[in-house]
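Naming convention: chains lettered A, B, ... in sequence-line order (proteins, then strands); numbering from 1 in each chain. Heavy-atom basis, side chains included; hydrogens, waters and symmetry copies ignored.
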2 protein chains.
Amino acid sequence: MKKVAIEKKVLSENDKLAVKIREQLTGRGVLSLNFVSSPGSGKTSLLEKTLAAIGDQLNIALIAGDVQTENDANRLIEAGGKSVLPIVTGGSCHLDAKMISKVLPGINIDELDLLIIENVGNLVCPASYDLGEDMKIALVSTTEGHDKPLKYPGMFRRSSVMVINKIDLLGTSDFDVEEVKKNARQINANLKFFETSCRTGEGLQNWFHWLIDTVKTKKDRL
Amino acid sequence: MKKVAIEKKVLSENDKLAVKIREQLTGRGVLSLNFVSSPGSGKTSLLEKTLAAIGDQLNIALIAGDVQTENDANRLIEAGGKSVLPIVTGGSCHLDAKMISKVLPGINIDELDLLIIENVGNLVCPASYDLGEDMKIALVSTTEGHDKPLKYPGMFRRSSVMVINKIDLLGTSDFDVEEVKKNARQINANLKFFETSCRTGEGLQNWFHWLIDTVKTKKDRL
């Protein structure tokens with residue numbers, strides 16, 4: 001019981017800090033997105049493609065979280081990311097608001113359109129930690145099972161968008177796109193879906209357009 | 001600091017319980033394996049194939065852990081599993097020794113050759129919890145990045161075997177089998193490797209033979 005109480009306290013401190021981060025970003029009209037998924041669903045690949053396609057139109061900063069290594073951050077820099085900050089959690093299975101607020105001063109948010117946070121690959125723990133983002137974007141790849149939303153409901157309940165990635169590999173398993181959507185809607189009726197392949201480029205234009213529109217909507221609210 | 005201290009206490013209680021479970025199983029010559037991986041690497045598929053192939057030769061019990069749903073347990077029963085117990089963690093990102101000791105009385109371990117525990121799909125948290133198993137078996141699929149051992153070192157350091165699954169999909173990404181082995185050996189020089197495809201059956205015979213041999217070795221030590 002004591003552990004639960006302390007965890008609640010940690011979470012509540014996290015939530016207070018997340019509110020501050022959100023106020024800071026929203027005050028400048030910056031859209032912030034928290035990318036979550038299993039390890040290997042293609043978060044970094046989708047972000048590489050996004051940087052290459054719309055990195056010139058939008059001022060984008062990225063925070064890349066990993067348990068160990070700065071591999072993802074390095075990939076994002078190579079893909080054209082001008083402002084990329086790694087967070088190595090050193091064992092922690094998720095990012096938290098404190099980690100974000102520590103690196104945030106390294107980003108010029110006055111000039112920023114979009115802050116993308118790539119969380120640690122994990123479908124459980126990152127669901128519990130608000131990082132001050134506007135939305136969580138959950139990726140599922142077609143090489144995982146289409147029952148993932150039912151098996152990890154917390155993550156999909158707290159996400160606004162679900163990207164079904166690696167659709168070029170449809171047919172190599174019994175993964176069913178309609179089934180994964182049906183399962184996801186059972187958990188969260190408001191989810192918006194994208195279907196993408198970072199290998200063939202299929203579906204990426206829809207994703208880019210939505211991202212640009214959503215950034216614009218946030219700026220217009222200032 | 002208080003949180004860390006309490007987590008250490010929880011872990012130490014877990015370890016004591018794990019020792020008891022290990023003694024109980026080892027006393028009967030039962031081999032116990034804890035399967036860990038990202039969600040969607042193919043743990044359940046590999047276990048389905050294993051049950052179908054050698055379920056008649058060995059007396060196998062399975063414990064299938066998930067955050068929500070008994071989907072995996074149901075798949076294992078359909079695949080011929082005679083003794084399959086689900087654990088729904090209801091939010092917890094890993095199984096622990098207490099959960100195992102609660103369900104263990106439901107298994108006739110006097111008659112048992114092999115206990116397989118399928119952990120929650122998560123490459124971080126399950127690494128910290130000893131369940132009383134003889135070995136952790138870590139799966140990585142070829143649709144994930146070959147840098148996974150470097151990014152999630154805790155899991156691969158504590159595993160004895162690494163199964164590289166979905167090798168039928170090699171070539172659909174830049175995943176490199178030799179590279180994943182090299183990365184894994186950097187973390188754990190003693191890892192034993194298998195390369196499998198549950199779809200084409202490639203490599204499964206090696207896995208089955210090793211499993212039967214390892215069960216036999218454990219029994220012979222009684």
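- Among all heavy-atom pairs drawn from A:P39 and B:L123, the shortest one is CG-CD1, 3.9 Å.
- For chain A, the option among B:D147, B:V67, B:V140 with the highest count of heavy-atom pairs below 4.5 Å is B:V67.
- Heavy atoms closer than 4.5 Å to chain A are found in both the backbone and the side chain of B:L150.
- Within a 6.0 Å radius of CD in A:E202, other residues, nucleotides and ligands contribute 12 heavy atoms or fewer.
- What you find for A:E144 and B:K166 is that their closest heavy atoms are N-NZ, 4.5 Å.
- Contacts of B:K151 with chain A are made by both backbone and side-chain atoms, with heavy-atom separations under 4.5 Å.
- Taking B:N71, B:N122, B:D168, B:V120 one by one and counting their heavy-atom pairs under 4.5 Å with chain A, the maximum is reached by B:N122.
- Between chain A and the options B:D72, B:T69, B:T44, heavy-atom pairs under 4.5 Å are most frequent for B:T69.
- Minimum heavy-atom separation, A:S92 to B:V124: C-CG1, 4.5 Å.
- For the options A:G121, A:S37, A:S141, heavy-atom pairs under 4.5 Å to chain B are most numerous at A:G121.
- Enclosure of atom NZ in A:K181 by more than 12 non-hydrogen atoms of other residues, nucleotides or ligands within 6.0 angstrom is indicated.
- Residues B:S173 and A:L169 form no side-chain contact, since every pair of their non-hydrogen atoms from C-beta on lies 4.5 Å or further apart.
- For the residue pair A:P153 and B:Q68, the shortest heavy atom distance occurs at CG-CG, 3.4 Å.
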